[in-house]
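Below is one structure, written out as structure tokens, with a few remarks after it.
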2 protein chains.
Amino acid sequence: MKKTVFVFSSLIIALLVLFKLSEYSYRSGNLNIELLISIIAVLFFVIGVYINKKGLTKDGSKPIPIDLKKLEDLGISKREYEVLEQVIKGLSNREIGEKLHLSESTIKTHVSNLLVKLDVKRRTQAIQKAKELKIITE
Amino acid sequence: MKKTVFVFSSLIIALLVLFKLSEYSYRSGNLNIELLISIIAVLFFVIGVYINKKGLTKDGSKPIPIDLKKLEDLGISKREYEVLEQVIKGLSNREIGEKLHLSESTIKTHVSNLLVKLDVKRRTQAIQKAKELKIITE
DNA sequence: TTGGAACTCATACTAAAGTACCAAAAGTGT
DNA sequence: ACACTTTTGGTACTTTAGTATGAGTTCCAA
């Protein structure tokens, strides 16, 4: 997003100011050099954190992208989920059947059940819904 | 995108070096302090980045969200793009027609042309393709 | 072992989706 | 004005999707 660009630009400007200040401090001798180092350190620390603020879970115990709980709640079975994955890939019922070594009829049954469980009318909507529910790895 | 972050990081580092050089030429002698500042800055930057080892995955930071150039290359017209947006939302041809005040026939024509231009067979594949090409705002 | 999911597959049907033409109106650039 | 693209819409057709229903199988827990 352009937000990232904005943030970086602001940081660069801040950096500029900081360096100007440091330059000034050399001449006037007003600024404490330790304070300057601290500011720079904190600043760059913030930059680093900001870059990947997306994953602030430092416990590292949640690397699971798929929401298995929602699958449970919706009552989607293992086989149905496999079919859903292929539907999202854009395969036809026949192609899914060939891939999973099942008949087209079976796929139709699974898809039909999936549509009910996802509360949608078409497979294209199922794709959207699955992404909303974070049921799949995008 | 990772690339944007990388570019900006490089820019910051380049700025750092530039200022260091300018100060060096203007007030040579106290190289140790400036070097120390630089090292600390980079160090804390790295610390900040790697404190969340989750990494910089999907950032989606592009100045332009939609890749208009690809739309040009594919020869997708304005109307076709509007239809594509609705297809991705999971609407049926009839629903799209009602939404855009067009007949279902017209939508079918647009969709059919879209499938050819996107080089896919089904609308479900068109959804995938559009996301691959970053033609849409996800 | 038995009842209930889950899985499989079939038939028959309706509803969308998609293809293959055609054609006319409207805008665009030369 | 003329050629060109876009947009719109139609008919007729084939294919895919989806529904409804039934039924046989397997697997697991009570």
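Within every chain, numbering begins at 1; the chains are lettered A, B, ... in the order of the sequence lines, protein sequences first and strands thereafter. Computation of the quantities below employed the complete heavy-atom set of this structure, encompassing side-chain atoms and omitting hydrogens, waters and symmetry-equivalent molecules.
One can place CG of A:L115 at 5 Å from P of D:dT19, the figure rounded to the nearest angstrom. Note: NE2 (B:H101) to C1' (D:dG9) measures 17 Å, nearest angstrom. C:dC21 atom P lies 16 Å from atom NZ of B:K108, rounded to whole Å. Here the P atom of nucleotide D:dT15 and the CD atom of A:E104 are 13 Å apart, to the nearest Å. Between the P atom of C:dT8 and the CG atom of A:L114 lies a distance of 13 Å, rounded to the nearest Å. Summarising the geometry, the separation between NZ on B:K78 and P on D:dT7 is reported as 7 Å, rounded to the nearest angstrom. The separation between B:R79 atom CZ and C:dA26 atom C1' is 13 Å, rounded to whole Å. In this structure, A:L102 atom CG and C:dA6 atom C1' are separated by 13 Å, rounded to whole Å.
In terms of modelled atom types and a separation under 3.5 Å, the side chain of B:R123 and the main chain of A:T124 share no donor-acceptor contact. Judged purely by atom type and a 3.5 angstrom limit, A:E95 uses its side chain to pair as donor or acceptor with the backbone of A:S92.
Residues from residues 117-128 of chain B with heavy atoms under 4.0 angstrom of DNA chain C, sorted by number: B:R122, B:R123. Taking a 4.0 Å limit (strictly below) on heavy-atom distances, residues 91-98 of chain A does not reach DNA chain C anywhere.
A:E82 and A:R79 are joined by a salt bridge, as a carboxylate oxygen and a charged side-chain nitrogen come within less than 4.0 angstrom of each other.
In terms of phosphate contacts, B:H110 brings no side-chain nitrogen or oxygen within less than 4.0 Å of OP1 or OP2 of D:dG9. Distances shown here put a side-chain N or O of B:T106 below 4.0 Å from the OP1 or OP2 atom of D:dG9. Regarding contacts with the backbone of D:dT8, every side-chain N or O of B:S105 stays at 4.0 angstrom or more from both OP1 and OP2. Using a 4.0 Å cut-off, no side-chain N or O of B:S112 falls inside it from OP1 or OP2 of C:dA17.
Residues in residues 107-118 of chain A take part in these side chain to side chain donor-acceptor pair (under 3.5 Å) pairs, two or more places apart or across chains: A:E80-A:K117.
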